[in-house]
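One is the number of the first residue; the rest follow in order along the sequence. These numbers come from a predicted model, not from an experiment.
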Amino acid sequence: MKIALIGKGTSSIITALTCIKNGHEVEIYYDPNKDHLSVGESTTPHIGMLINEILGISISEMCLENIASIKVGIDFIDWGKQNRFEHNFNNNQMAFHFESGEFNHYINSALENSGIVKFIPQKVEGYKIVNNSAIINENIYDFVIFSNGWENDLYYSPIIETVNSALLYTQDIGNHLHHTVHRATKDGWQFGLPFPKRKLLKCGYLFNNKITSESDIDLKRNNIKDFKKIDWVPRYSKSLIQNSFCAYNGNRLFFFEPLQALSLYYYKQFAEYICGFLNQNIEERMHYYNNLYHYEIWAYQLSLAYHYSFGSKFDTTSSFWKNIKEKSLNFLNNVKPGNEELFILNMKNDLKYNTEYSKIGTFDVYDHKQLYCGMKGESLKNLLYKL
(Lines give C-alpha, C1' and ligand atoms only; values in the text may rest on other atoms or scores of the structure.)
Protein backbone atom coordinates (compact mmCIF):
# COMPACT_ATOMS: atom_id res chain seq x y z
CA MET A 1 0.00 0.00 0.00
CA LYS A 2 0.99 3.61 -0.52
CA ILE A 3 1.03 5.42 2.84
CA ALA A 4 1.26 9.14 3.59
CA LEU A 5 2.98 9.76 6.92
CA ILE A 6 2.52 13.21 8.42
CA GLY A 7 5.47 14.50 10.46
CA LYS A 8 9.20 13.74 10.45
CA GLY A 9 10.03 13.38 14.17
CA THR A 10 11.21 10.31 16.08
CA SER A 11 7.83 8.56 16.12
CA SER A 12 7.45 9.21 12.39
CA ILE A 13 10.82 7.56 11.74
CA ILE A 14 9.85 4.49 13.78
CA THR A 15 6.48 4.30 12.02
CA ALA A 16 8.05 4.69 8.57
CA LEU A 17 10.64 1.96 9.22
CA THR A 18 7.95 -0.40 10.50
CA CYS A 19 5.70 0.24 7.49
CA ILE A 20 8.62 -0.35 5.11
CA LYS A 21 9.46 -3.57 6.95
CA ASN A 22 5.89 -4.70 6.29
CA GLY A 23 6.15 -4.02 2.56
CA HIS A 24 4.46 -0.61 2.27
CA GLU A 25 5.52 2.42 0.26
CA VAL A 26 5.92 5.55 2.41
CA GLU A 27 5.92 9.26 1.63
CA ILE A 28 6.52 11.71 4.48
CA TYR A 29 4.96 15.18 4.64
CA TYR A 30 6.32 17.84 6.96
CA ASP A 31 5.87 21.55 7.58
CA PRO A 32 9.12 23.24 6.40
CA ASN A 33 8.36 26.33 8.49
CA LYS A 34 7.89 24.52 11.79
CA ASP A 35 10.74 24.24 14.26
CA HIS A 36 10.87 20.83 15.88
CA LEU A 37 11.74 20.42 19.56
CA SER A 38 15.15 18.80 19.96
CA VAL A 39 15.43 16.88 23.23
CA GLY A 40 17.51 14.07 24.66
CA GLU A 41 15.90 10.65 24.26
CA SER A 42 16.78 7.00 24.66
CA THR A 43 15.46 3.72 23.27
CA THR A 44 14.79 0.11 24.09
CA PRO A 45 16.77 -2.51 22.09
CA HIS A 46 13.90 -2.94 19.60
CA ILE A 47 14.61 0.39 17.87
CA GLY A 48 18.26 -0.28 17.06
CA MET A 49 17.35 -3.65 15.57
CA LEU A 50 14.65 -2.02 13.42
CA ILE A 51 17.06 0.62 12.06
CA ASN A 52 19.66 -2.02 11.28
CA GLU A 53 17.13 -4.26 9.53
CA ILE A 54 15.87 -1.56 7.16
CA LEU A 55 18.86 0.77 6.71
CA GLY A 56 21.77 -1.49 7.61
CA ILE A 57 22.99 1.05 10.16
CA SER A 58 24.19 -0.33 13.49
CA ILE A 59 24.24 1.35 16.88
CA SER A 60 28.04 1.17 16.79
CA GLU A 61 28.10 3.10 13.50
CA MET A 62 25.85 5.81 14.93
CA CYS A 63 28.13 6.06 17.95
CA LEU A 64 31.22 6.39 15.72
CA GLU A 65 29.50 9.25 13.88
CA ASN A 66 28.62 10.86 17.23
CA ILE A 67 24.89 10.53 16.54
CA ALA A 68 24.24 8.23 19.50
CA SER A 69 25.79 6.70 22.60
CA ILE A 70 25.51 3.10 23.76
CA LYS A 71 22.87 2.16 26.34
CA VAL A 72 22.92 -1.20 28.12
CA GLY A 73 20.26 -0.54 30.77
CA ILE A 74 18.96 1.80 33.46
CA ASP A 75 20.79 3.00 36.56
CA PHE A 76 18.18 3.62 39.28
CA ILE A 77 19.29 5.92 42.09
CA ASP A 78 17.30 6.46 45.34
CA TRP A 79 14.27 4.47 44.12
CA GLY A 80 12.86 1.74 46.37
CA LYS A 81 14.92 0.62 49.35
CA GLN A 82 18.38 0.72 47.76
CA ASN A 83 20.59 3.69 47.09
CA ARG A 84 21.38 2.31 43.65
CA PHE A 85 20.78 -0.65 41.33
CA GLU A 86 20.89 -1.46 37.62
CA HIS A 87 18.15 -2.81 35.36
CA ASN A 88 20.13 -4.29 32.46
CA PHE A 89 18.88 -5.54 29.10
CA ASN A 90 18.74 -9.29 28.63
CA ASN A 91 21.03 -11.32 26.35
CA ASN A 92 23.62 -8.54 26.10
CA GLN A 93 21.28 -6.44 23.97
CA MET A 94 22.04 -2.77 23.39
CA ALA A 95 19.99 0.35 22.90
CA PHE A 96 21.14 3.94 22.51
CA HIS A 97 20.82 7.55 23.66
CA PHE A 98 20.42 10.41 21.19
CA GLU A 99 19.56 14.06 20.71
CA SER A 100 16.37 13.99 18.66
CA GLY A 101 17.32 16.89 16.35
CA GLU A 102 20.61 15.27 15.29
CA PHE A 103 19.28 11.72 15.18
CA ASN A 104 16.11 12.57 13.24
CA HIS A 105 18.07 14.49 10.59
CA TYR A 106 20.56 11.61 10.29
CA ILE A 107 17.94 8.88 9.82
CA ASN A 108 15.67 10.98 7.61
CA SER A 109 18.66 11.75 5.36
CA ALA A 110 19.48 8.04 5.16
CA LEU A 111 15.87 7.25 4.22
CA GLU A 112 15.78 9.97 1.57
CA ASN A 113 19.24 9.38 0.09
CA SER A 114 18.60 5.66 -0.23
CA GLY A 115 15.38 6.36 -2.14
CA ILE A 116 13.37 4.32 0.36
CA VAL A 117 11.17 7.27 1.38
CA LYS A 118 10.08 10.38 -0.49
CA PHE A 119 9.92 13.56 1.62
CA ILE A 120 7.43 16.28 0.72
CA PRO A 121 7.97 19.69 2.42
CA GLN A 122 4.31 20.65 2.60
CA LYS A 123 2.10 21.42 5.57
CA VAL A 124 -0.91 19.11 5.80
CA GLU A 125 -4.18 20.42 7.20
CA GLY A 126 -6.16 17.23 6.62
CA TYR A 127 -7.20 14.76 3.97
CA LYS A 128 -10.19 13.97 1.77
CA ILE A 129 -11.65 10.61 0.87
CA VAL A 130 -12.42 10.31 -2.85
CA ASN A 131 -13.16 7.10 -4.77
CA ASN A 132 -11.99 4.90 -1.91
CA SER A 133 -8.65 6.72 -1.60
CA ALA A 134 -7.18 9.34 0.73
CA ILE A 135 -6.24 12.61 -0.97
CA ILE A 136 -3.54 14.88 0.48
CA ASN A 137 -2.60 18.04 -1.41
CA GLU A 138 -3.87 16.49 -4.68
CA ASN A 139 -1.86 13.27 -4.16
CA ILE A 140 -3.55 9.87 -3.85
CA TYR A 141 -2.85 7.39 -1.04
CA ASP A 142 -4.29 4.18 0.34
CA PHE A 143 -3.81 5.25 3.95
CA VAL A 144 -2.68 8.18 6.11
CA ILE A 145 -0.84 8.05 9.44
CA PHE A 146 -0.64 11.26 11.49
CA SER A 147 2.43 11.40 13.71
CA ASN A 148 2.85 15.16 14.11
CA GLY A 149 1.77 16.26 17.58
CA TRP A 150 -1.47 16.70 19.45
CA GLU A 151 -4.82 17.19 17.76
CA ASN A 152 -8.07 18.53 19.16
CA ASP A 153 -9.73 15.12 19.05
CA LEU A 154 -11.00 13.33 22.13
CA TYR A 155 -8.24 12.19 24.48
CA TYR A 156 -8.46 10.25 27.72
CA SER A 157 -6.56 11.06 30.89
CA PRO A 158 -4.24 8.39 32.33
CA ILE A 159 -5.28 6.24 35.25
CA ILE A 160 -2.46 7.84 37.23
CA GLU A 161 -0.87 11.13 36.26
CA THR A 162 2.79 11.01 37.20
CA VAL A 163 4.98 13.85 35.82
CA ASN A 164 3.97 16.51 33.31
CA SER A 165 6.85 19.02 33.22
CA ALA A 166 10.59 18.93 32.68
CA LEU A 167 13.52 21.29 33.07
CA LEU A 168 16.15 20.28 30.49
CA TYR A 169 19.86 20.98 30.99
CA THR A 170 23.32 19.39 30.80
CA GLN A 171 25.85 18.33 33.43
CA ASP A 172 29.34 16.85 33.49
CA ILE A 173 29.14 13.14 32.76
CA GLY A 174 30.76 12.06 36.03
CA ASN A 175 31.06 8.25 36.25
CA HIS A 176 28.02 7.55 34.03
CA LEU A 177 28.94 5.74 30.81
CA HIS A 178 26.42 3.33 29.27
CA HIS A 179 23.36 3.39 31.54
CA THR A 180 20.49 5.86 31.41
CA VAL A 181 20.19 7.49 34.83
CA HIS A 182 16.81 7.47 36.60
CA ARG A 183 17.42 9.38 39.83
CA ALA A 184 14.52 9.90 42.25
CA THR A 185 14.27 13.51 43.44
CA LYS A 186 12.12 15.24 46.02
CA ASP A 187 9.73 16.47 43.34
CA GLY A 188 9.77 13.52 40.91
CA TRP A 189 12.79 12.12 39.14
CA GLN A 190 15.70 13.12 36.95
CA PHE A 191 16.80 11.38 33.78
CA GLY A 192 20.39 11.53 32.61
CA LEU A 193 21.60 10.47 29.16
CA PRO A 194 25.38 9.92 29.02
CA PHE A 195 27.35 10.98 25.95
CA PRO A 196 30.93 9.89 26.79
CA LYS A 197 32.55 11.40 23.68
CA ARG A 198 31.14 14.80 24.58
CA LYS A 199 31.79 14.24 28.30
CA LEU A 200 28.32 15.41 29.25
CA LEU A 201 25.07 14.13 30.70
CA LYS A 202 21.88 15.43 29.08
CA CYS A 203 19.36 15.73 31.89
CA GLY A 204 15.73 16.43 32.59
CA TYR A 205 14.32 17.26 36.00
CA LEU A 206 10.78 15.82 35.87
CA PHE A 207 7.95 16.93 38.14
CA ASN A 208 4.19 17.41 38.33
CA ASN A 209 3.28 21.08 38.02
CA LYS A 210 0.01 20.48 39.89
CA ILE A 211 2.07 19.58 42.97
CA THR A 212 5.33 21.48 42.50
CA SER A 213 5.93 24.88 40.93
CA GLU A 214 9.04 25.66 38.91
CA SER A 215 10.09 28.23 41.50
CA ASP A 216 10.25 25.46 44.15
CA ILE A 217 12.96 23.60 42.23
CA ASP A 218 16.41 24.85 43.10
CA LEU A 219 18.70 23.87 40.23
CA LYS A 220 21.21 26.60 41.06
CA ARG A 221 22.48 24.67 44.05
CA ASN A 222 23.86 22.15 41.52
CA ASN A 223 25.41 24.98 39.47
CA ILE A 224 22.71 24.65 36.82
CA LYS A 225 21.87 28.08 35.44
CA ASP A 226 20.71 27.46 31.88
CA PHE A 227 17.74 25.19 31.25
CA LYS A 228 14.75 24.83 28.96
CA LYS A 229 11.27 24.08 30.29
CA ILE A 230 8.70 21.91 28.56
CA ASP A 231 5.20 20.94 29.70
CA TRP A 232 2.77 18.34 28.44
CA VAL A 233 -0.64 16.90 29.25
CA PRO A 234 -0.42 13.11 29.81
CA ARG A 235 -3.18 11.60 27.64
CA TYR A 236 -4.04 9.04 25.02
CA SER A 237 -6.32 8.95 22.00
CA LYS A 238 -9.65 7.16 22.03
CA SER A 239 -8.49 5.06 19.05
CA LEU A 240 -5.37 3.93 17.22
CA ILE A 241 -7.18 3.28 13.92
CA GLN A 242 -9.42 6.29 13.33
CA ASN A 243 -11.20 4.90 10.27
CA SER A 244 -10.49 2.83 7.16
CA PHE A 245 -8.13 5.51 5.83
CA CYS A 246 -6.39 6.98 8.87
CA ALA A 247 -4.47 6.10 12.03
CA TYR A 248 -2.48 8.00 14.67
CA ASN A 249 0.92 7.33 16.22
CA GLY A 250 3.51 9.22 18.25
CA ASN A 251 2.39 12.17 20.35
CA ARG A 252 -0.72 12.44 18.18
CA LEU A 253 -1.70 9.10 19.72
CA PHE A 254 -0.40 9.23 23.31
CA PHE A 255 2.27 10.41 25.73
CA PHE A 256 2.62 9.77 29.46
CA GLU A 257 6.25 10.25 30.49
CA PRO A 258 9.82 9.15 29.54
CA LEU A 259 10.37 6.41 32.17
CA GLN A 260 12.37 3.47 30.73
CA ALA A 261 11.98 4.84 27.15
CA LEU A 262 8.68 2.98 26.92
CA SER A 263 7.09 5.47 24.52
CA LEU A 264 9.44 4.56 21.67
CA TYR A 265 8.79 0.86 22.23
CA TYR A 266 5.05 1.47 21.93
CA TYR A 267 5.44 3.65 18.81
CA LYS A 268 6.91 0.57 17.13
CA GLN A 269 4.28 -1.75 18.61
CA PHE A 270 1.40 0.44 17.45
CA ALA A 271 2.95 0.84 13.99
CA GLU A 272 2.90 -2.97 13.77
CA TYR A 273 -0.79 -2.94 14.73
CA ILE A 274 -1.51 -0.40 11.99
CA CYS A 275 0.24 -2.64 9.46
CA GLY A 276 -1.71 -5.63 10.75
CA PHE A 277 -4.93 -3.74 10.12
CA LEU A 278 -3.83 -2.78 6.59
CA ASN A 279 -3.44 -6.46 5.70
CA GLN A 280 -7.22 -6.82 6.06
CA ASN A 281 -8.87 -3.41 6.10
CA ILE A 282 -12.31 -4.25 7.45
CA GLU A 283 -14.29 -2.87 10.37
CA GLU A 284 -13.95 -6.05 12.43
CA ARG A 285 -10.14 -5.82 12.29
CA MET A 286 -10.31 -2.13 13.18
CA HIS A 287 -12.09 -2.99 16.42
CA TYR A 288 -9.64 -5.83 17.03
CA TYR A 289 -6.54 -3.62 16.79
CA ASN A 290 -8.13 -0.76 18.69
CA ASN A 291 -8.88 -3.20 21.52
CA LEU A 292 -5.26 -4.37 21.45
CA TYR A 293 -4.18 -0.72 21.58
CA HIS A 294 -6.29 -0.07 24.68
CA TYR A 295 -4.89 -3.18 26.36
CA GLU A 296 -1.31 -2.07 25.65
CA ILE A 297 -2.01 1.44 26.96
CA TRP A 298 -3.38 -0.13 30.13
CA ALA A 299 -0.33 -2.43 30.38
CA TYR A 300 1.98 0.57 29.92
CA GLN A 301 0.29 2.35 32.81
CA LEU A 302 0.51 -0.82 34.89
CA SER A 303 4.27 -0.87 34.30
CA LEU A 304 4.56 2.77 35.37
CA ALA A 305 2.54 2.08 38.51
CA TYR A 306 4.76 -0.90 39.30
CA HIS A 307 7.87 1.32 39.26
CA TYR A 308 6.31 4.03 41.41
CA SER A 309 4.73 1.60 43.88
CA PHE A 310 8.14 0.95 45.44
CA GLY A 311 8.49 4.62 46.34
CA SER A 312 11.79 6.35 46.96
CA LYS A 313 13.92 7.71 49.78
CA PHE A 314 11.63 10.75 49.75
CA ASP A 315 8.45 8.85 50.74
CA THR A 316 8.04 10.67 54.06
CA THR A 317 9.20 14.13 53.00
CA SER A 318 7.69 14.64 49.53
CA SER A 319 4.10 15.41 48.54
CA PHE A 320 4.83 13.98 45.09
CA TRP A 321 6.08 10.60 46.32
CA LYS A 322 3.39 10.22 48.99
CA ASN A 323 0.75 10.88 46.34
CA ILE A 324 2.15 8.76 43.51
CA LYS A 325 3.09 5.77 45.66
CA GLU A 326 -0.40 5.62 47.21
CA LYS A 327 -2.13 5.90 43.83
CA SER A 328 0.16 3.29 42.28
CA LEU A 329 -0.47 0.79 45.06
CA ASN A 330 -4.22 1.38 44.80
CA PHE A 331 -4.07 0.78 41.04
CA LEU A 332 -2.13 -2.47 41.45
CA ASN A 333 -4.33 -3.68 44.31
CA ASN A 334 -7.47 -3.09 42.23
CA VAL A 335 -6.29 -5.12 39.25
CA LYS A 336 -8.44 -8.21 39.23
CA PRO A 337 -6.81 -11.65 38.80
CA GLY A 338 -7.83 -13.69 35.80
CA ASN A 339 -5.73 -12.40 32.92
CA GLU A 340 -2.77 -14.67 32.23
CA GLU A 341 -0.49 -11.72 31.60
CA LEU A 342 -0.89 -10.37 35.13
CA PHE A 343 2.13 -12.10 36.63
CA ILE A 344 2.82 -8.72 38.19
CA LEU A 345 0.19 -9.55 40.81
CA ASN A 346 2.38 -12.36 42.09
CA MET A 347 5.14 -9.90 42.90
CA LYS A 348 3.16 -7.64 45.18
CA ASN A 349 3.48 -7.94 48.91
CA ASP A 350 6.60 -10.12 48.61
CA LEU A 351 4.70 -13.04 47.06
CA LYS A 352 6.59 -15.65 45.04
CA TYR A 353 7.12 -15.14 41.34
CA ASN A 354 5.03 -17.05 38.86
CA THR A 355 7.35 -17.80 35.93
CA GLU A 356 4.73 -19.20 33.53
CA TYR A 357 3.42 -15.80 32.49
CA SER A 358 5.05 -14.01 29.56
CA LYS A 359 5.09 -10.25 29.95
CA ILE A 360 3.38 -6.96 30.69
CA GLY A 361 4.03 -4.49 27.89
CA THR A 362 7.70 -4.67 26.91
CA PHE A 363 8.80 -6.14 30.26
CA ASP A 364 9.17 -9.88 30.56
CA VAL A 365 9.48 -11.90 33.76
CA TYR A 366 13.24 -11.41 34.01
CA ASP A 367 12.86 -7.63 33.69
CA HIS A 368 10.43 -7.57 36.57
CA LYS A 369 12.68 -9.81 38.65
CA GLN A 370 15.52 -7.34 38.23
CA LEU A 371 13.26 -4.42 39.13
CA TYR A 372 11.74 -6.22 42.09
CA CYS A 373 15.07 -7.26 43.57
CA GLY A 374 16.64 -3.89 42.88
CA MET A 375 13.79 -1.93 44.42
CA LYS A 376 13.54 -4.27 47.44
CA GLY A 377 17.29 -4.58 48.01
CA GLU A 378 17.22 -8.37 47.54
CA SER A 379 19.60 -10.66 45.67
CA LEU A 380 18.51 -11.69 42.20
CA LYS A 381 20.82 -14.70 42.37
CA ASN A 382 19.23 -15.95 45.59
CA LEU A 383 15.77 -15.48 44.11
CA LEU A 384 16.66 -17.49 41.00
CA TYR A 385 17.93 -20.34 43.19
CA LYS A 386 14.56 -20.47 44.93
CA LEU A 387 12.59 -20.93 41.70
Rounded distance (nearest 0.5 Å) linking atom SG of Cys63 with atom NZ of Lys197: 7.0 Å
So OG1 of Thr44 and CG of Leu262: to nearest 0.5 Å the spacing works out to 8.0 Å
Output all residues satisfying side-chain hydrogen bond (donor to acceptor under 3.5 Å, both in side chains) with Glu112, sequence neighbours left out; order by chain, then residue number. none
Rounded distance [0.5 Å steps], CG in Asn108 versus CD1 in Ile28: 5.5 Å
List in chain and number order the residues that pass ring-ring contact (aromatic ring centres under 6.0 Å, His included) with His24, two or more places apart in sequence or in another chain; answer none if no residue qualifies. none
Side chains of Tyr205 and Asp187: donor-acceptor distance under 3.5 Å anywhere? yes
Glu284 meets the side chain to side chain contact (heavy atoms under 4.5 Å, CB included) criterion, sequence neighbours left out, with Ile282
Quick one, Lys186 and Phe320 - any side-chain contact, counting heavy atoms below 4.5 Å? no
Report yes if the side chains of His179 and Val72 come closer than 4.5 Å at any heavy-atom pair, otherwise no. yes
State, without any angle test, whether Tyr273 and Glu296 hold a side-chain donor-acceptor pair at a distance under 3.5 Å. yes
Return the set of residues passing ring-ring contact (aromatic ring centres under 6.0 Å, His included) with Phe89 (not counting sequence neighbours), or none when no residue passes. none
Quick one: do Met49 and Met94 end up in the same hydrophobic cluster if we chain Ile, Leu, Val, Met, Phe, Trp and Tyr together by side-chain heavy atoms under 4.5 Å apart? no
Keeping the roles fixed (side chain from Ser303, backbone from Ala299), state whether a donor-acceptor pair exists under 3.5 Å. yes
Can you tell me how the ring of Tyr156 sits relative to the ring of His294, calling it parallel under 30°, perpendicular over 60° and tilted otherwise? tilted
Tell me whether Tyr288 contacts the main-chain N or O of Phe277 through its side chain, where contact means a donor paired with an acceptor under 3.5 Å. no
Flag the pair Leu5 / Phe146 as yes when at least one side-chain heavy-atom distance between them is below 4.5 Å, and no otherwise. no
Could you list the residues that satisfy ring-ring contact (aromatic ring centres under 6.0 Å, His included) with Phe119, not counting sequence neighbours? none
4.5 Å side-chain heavy-atom contact, Cys203 and Leu168: no
Without swapping roles, check the side chain of Gln190 against the backbone of Arg183 for a donor-acceptor pair under 3.5 Å. no
Min side-chain heavy-atom separation Tyr306-Leu371 under 4.5 Å: yes
Say whether His307 and Gln260, considering side chains only, have a donor N or O and an acceptor N or O under 3.5 Å apart. yes
Distance from Lys202 atom NZ to Thr180 atom OG1, nearest 0.5 Å? 13.5 Å
For residues 231-245, run the donor-acceptor check on the side chains, cut-off 3.5 Å, and write out each pair with its distance to 0.1 Å, sequence neighbours left out.
residue: Asp231; atom: OD1; partner: Ser165; partner atom: OG; Å: 2.5
residue: Asp231; atom: OD1; partner: Lys229; partner atom: NZ; Å: 2.6
residue: Asp231; atom: OD2; partner: Lys229; partner atom: NZ; Å: 2.8
residue: Trp232; atom: NE1; partner: Val163; partner atom: O; Å: 3.4
residue: Trp232; atom: NE1; partner: Phe256; partner atom: O; Å: 3.0
residue: Ser237; atom: OG; partner: Ser239; partner atom: N; Å: 3.2
residue: Ser237; atom: OG; partner: Ser239; partner atom: O; Å: 2.9
residue: Gln242; atom: NE2; partner: Ser239; partner atom: O; Å: 2.6
residue: Asn243; atom: OD1; partner: Phe245; partner atom: N; Å: 2.7
residue: Asn243; atom: OD1; partner: Cys246; partner atom: N; Å: 3.0
residue: Asn243; atom: ND2; partner: Tyr127; partner atom: OH; Å: 3.0

Is a side-chain N or O of Asn113 found less than 3.5 angstrom from the main chain of Ser109, in a donor-acceptor match? yes
Does a donor on one side chain and an acceptor on the other come within less than 3.5 Å for Thr15 and Asn249? yes
Minimum-distance pair of heavy atoms, taken over all atoms of Gly40 and Leu193: C-CD1, 3.2 Å
Selection residues 22-33 - residue pairs positive for salt bridge (Lys or Arg N to Asp or Glu O under 4.0 Å), sequence neighbours left out: Lys2-Glu27
Residues Ile51, Leu17; criterion side-chain contact (heavy atoms from CB on, under 4.5 Å); working and verdict: CA-CA 7 Å; Ile51 293 170; Leu17 291 170; 3.8 Å; yes
Does Leu201 belong to the same Ile/Leu/Val/Met/Phe/Trp/Tyr cluster as Phe76, with side-chain heavy atoms less than 4.5 Å apart forming each link? no
Give a yes or no on whether the ring-centroid distance for Trp321 and Trp79 is below 6.0 angstrom. yes
Qualifying salt bridge (Lys or Arg N to Asp or Glu O under 4.0 Å) pairs, either residue in residues 84-94, two or more places apart: Asp75-Arg84
Residues Ser328 and Tyr308: closest non-hydrogen pair is OG-CB, 3.3 Å
Hits for ring-ring contact (aromatic ring centres under 6.0 Å, His included) against Tyr293, two or more places apart or cross-chain, chain-then-number order -> Phe270
Under 4.5 Å between side-chain heavy atoms, counting indirect links through other Ile/Leu/Val/Met/Phe/Trp/Tyr residues: same cluster for Ile211 and Phe331 or not? yes
Evaluate the ring planes of Phe96 and Phe103, with Trp represented by its six-membered ring, and classify them as parallel (under 30°), tilted (30 to 60°) or perpendicular (over 60°). tilted
N/O donor-acceptor pair under 3.5 Å between Asn281 side chain and Leu278 backbone: no
What's the separation between atom CD1 in Ile13 and atom CD1 in Ile47, rounded to the nearest 0.5 Å? 10.5 Å
With side chains defined as the heavy atoms from C-beta onward, is the minimum distance between Ile116 and Ile20 less than 4.5 Å? yes
Supply the members, apart from Val130, of the Ile/Leu/Val/Met/Phe/Trp/Tyr cluster built from side-chain contacts under 4.5 Å; use none for a lone residue. Ile135, Ile140
Please report the shortest heavy-atom distance between Ile14 and Thr18, naming the atom on each side. O-OG1, 2.8 Å
Does a donor on one side chain and an acceptor on the other come within less than 3.5 Å for Ser42 and Lys71? yes
I'd like to know if the side chain of Ser12 and the backbone of Gly7 have a donor-acceptor N/O pair within less than 3.5 Å. yes
Is the closest side-chain donor-acceptor distance between Asn290 and Tyr295 under 3.5 Å? no
Do any pairs count as a salt bridge (Lys or Arg N to Asp or Glu O under 4.0 Å) and have a residue in residues 159-181, sequence neighbours left out, and if so which ones? Glu161-Lys210
Ser213/Ser215 under side chain to side chain donor-acceptor pair (under 3.5 Å): CA gap, chis, key distance, verdict: CA-CA 5 Å; Ser213 68; Ser215 60; 3.0 Å; yes
Just by distance, no angles: are the side chains of Tyr372 and Glu378 close enough, under 3.5 Å, to form a donor-acceptor pair? no
Distance-only side-chain donor-acceptor flag, Tyr267 / Asn251, under 3.5 Å: yes
I need the full list of salt bridge (Lys or Arg N to Asp or Glu O under 4.0 Å) pairs touching residues 255-270, with sequence neighbours left out, sorted by first then second residue. Lys268-Glu272
For side-chain contact (heavy atoms from CB on, under 4.5 Å), just list the numbers for Ile136 and Tyr141, CA-CA rounded to whole Å, side-chain angles, deciding distance to a tenth of an Å, and then say yes or no. CA-CA 8 Å; Ile136 294 180; Tyr141 298 93; 4.2 Å; yes
Ignoring hydrogens and geometry beyond distance, is a side-chain donor-acceptor pair present between Asn104 and Thr10 at under 3.5 Å? yes
